[in-house]
Protein chains: 2
Amino acid sequence: MKLLDIGEITERSGVKPSTLRYYEEVGLIQSITRHGLRRQYEPQILTKLSLITLAKAGGFSLTEIAGMFSEKGQLQIPREQIRERADLIDEQIKELTALRNVLHHVADCPAPSHMECPSFQRMLKASDRRKPAKKKPPTK
Amino acid sequence: MKLLDIGEITERSGVKPSTLRYYEEVGLIQSITRHGLRRQYEPQILTKLSLITLAKAGGFSLTEIAGMFSEKGQLQIPREQIRERADLIDEQIKELTALRNVLHHVADCPAPSHMECPSFQRMLKASDRRKPAKKKPPTK
DNA sequence: ACTTGACCTCAAGTTGGCTTGAAGTCGTAT
DNA sequence: ATACGACTTCAAGCCAACTTGAGGTCAAGT
């Protein structure tokens, strides 16, 4: 199984060298060995990078993403956490859908002022219900 | 129409005073007047804040969000931009869906190593197709 | 008249996720 | 043997989006 150096990884994953080094620095990925000074990667890192990119697009932090992998690079998430994360994603999808609906409303509704259009307001209120964020939000 | 002060806005929107002041500083919202030193807001700011919160959840930057409002606080987006943004959101939804599918796969697939499971890899490759990001990504 | 507490300003600090720059190291092709 | 170019390190810088802290103001209640 031939190894790839950082330039090839960049070319095939779209992730910049500086980013790859940064990911390594924070422990998210690792290069398997060096050829001289040069990092050498196993091809399977590409799969991992796809996953990282995807999870980032899903709004997960690098720390959260790192927590999805076990020692030897295997994806290892306890079932309960998977359910939680999946729910979280569903939540995000709902928000995005709401946002898209709002945009479509703006495109289509003939009301002079959207901000006062009742159906517009209803859409927004609906999206609020998911984040009551009362007095002391658990800022974690 | 009675005015609200910052504490009430916080209570009803879940947006902290420091954040509200920051939003004002960057021109995203404005308080209509002062009572002594205290900012007074029109109740309709709450609708605007809902929209801001929603758009933020959709991954839009404050600058982009600011661009969606006209001078007098009305939502004013050229149709073409609405289409673009809606497409962008659809894109994000697809990514999130892919991510959720990956998670479900991990929960269900009996393969010893997901990273090598062909159907797992297929899902990831599919998500890659959307961001080829060749040599010089147009960093805008 | 005084106290209280919710607000205020302004500058500086924080976090996450990178990027940039200067200076150095190597393997490969000539 | 030398030059080239792709890599390397390390520290510092950058951006967005806030948050924090010190010190100040003010209206309303007693």
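Chain naming here is simple, since letters A, B, ... match the order of the sequence lines and numbering starts at 1 in each.
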Check: If you measure from CD on A/Glu95 to CG on B/Leu96, what distance do you get to the nearest 0.5 Å?
Finding: 10.5 Å

I want to verify a distance call: between [options], whose nearest atom is closest to the [X] side chain?
{"X": "A/Asp5", "options": "C/dC8, D/dC7, D/dT9", "result": "D/dC7"}
{"X": "A/Arg34", "options": "D/dA17, C/dT19, D/dT9", "result": "D/dT9"}
{"X": "A/Ser61", "options": "D/dC7, C/dG17, D/dT19", "result": "C/dG17"}
{"X": "B/Ser18", "options": "D/dT20, D/dA17, C/dT9", "result": "D/dT20"}

Check: Which part of the nucleic acid does A/Thr19 contact within heavy-atom distance under 4.0 Å: base, sugar-phosphate only, or nothing?
Finding: sugar-phosphate

Integer-rounded Å distance: [N] [atom2] and [X] [atom1]:
{"X": "A/Leu20", "N": "C/dT20", "atom1": "CG", "atom2": "P", "answer": "15 Å"}
{"X": "A/Glu24", "N": "C/dG17", "atom1": "CD", "atom2": "P", "answer": "17 Å"}
{"X": "B/Arg39", "N": "D/dC26", "atom1": "CZ", "atom2": "P", "answer": "14 Å"}
{"X": "A/Leu28", "N": "C/dG16", "atom1": "CG", "atom2": "P", "answer": "14 Å"}
{"X": "A/Leu4", "N": "D/dC7", "atom1": "CG", "atom2": "C1'", "answer": "15 Å"}
{"X": "A/Gln40", "N": "D/dT8", "atom1": "CD", "atom2": "P", "answer": "9 Å"}
{"X": "B/Ile52", "N": "D/dA17", "atom1": "CD1", "atom2": "C1'", "answer": "13 Å"}
{"X": "A/Glu8", "N": "D/dC7", "atom1": "CD", "atom2": "P", "answer": "8 Å"}

Notebook entry, point to check: For the base of D/dA27, is there a side-chain donor-acceptor partner from B/Arg38 under 3.5 Å away?
Noted result: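 A donor-acceptor contact between them is absent.
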
Next item on the list: Map B/Leu37 and B/Lys56 onto DNA chain D by nearest heavy atom, then report which one ends up closer to the 5' terminus.
Entry: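 It is B/Lys56 whose nearest nucleotide is closer to the 5' end.
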
Checklist line | Toward the 5' end of DNA chain D, by each residue's nearest nucleotide, A/Tyr41 or B/Leu62 | finding: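 The 5'-side residue here is A/Tyr41.
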
Note to self: Salt bridge or not between B/Asp5 and B/Arg39? Use side-chain N to carboxylate O under 4.0 Å.
What the structure shows: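 No, this pair does not count.
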
Margin query: What I want to find out is whether A/Lys94 reaches A/Asp90 closely enough, with some N-O distance under 4.0 Å, to be called a salt bridge.
Written below: no

Would you say [X] places a side-chain N or O within less than 4.0 Å of OP1 or OP2 belonging to [N]?
{"X": "B/Lys16", "N": "C/dC7", "answer": "no"}
{"X": "B/Tyr23", "N": "D/dA17", "answer": "no"}
{"X": "A/His35", "N": "D/dA6", "answer": "no"}
{"X": "B/Arg21", "N": "C/dT9", "answer": "no"}

Note to self: Under a 3.5 Å distance rule, please check whether A/Lys2 uses its side chain to pair with a backbone N or O of A/Glu42 as donor and acceptor.
What the structure shows: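 No, A/Lys2 side chain to A/Glu42 backbone: no donor-acceptor pair under 3.5 Å.
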
Next item on the list: Could you check A/Glu25 against B/Ile6 and say which one's nearest nucleotide on DNA chain C is further toward the 5' end?
Entry: B/Ile6

Next item on the list: With side chain to side chain contact (heavy atoms under 4.5 Å, CB included) as the test, would you mind laying out the steps for A/Asp87 and A/Arg83 before giving the verdict?
Entry: CA-CA 6 Å; A/Asp87 286 354; A/Arg83 223 191 48 76; 3.0 Å; yes

Margin query: Quiz question: by atom type and distance under 3.5 Å, do the side chains of B/Ser31 and B/Gln40 form a donor-acceptor pair?
Written below: no

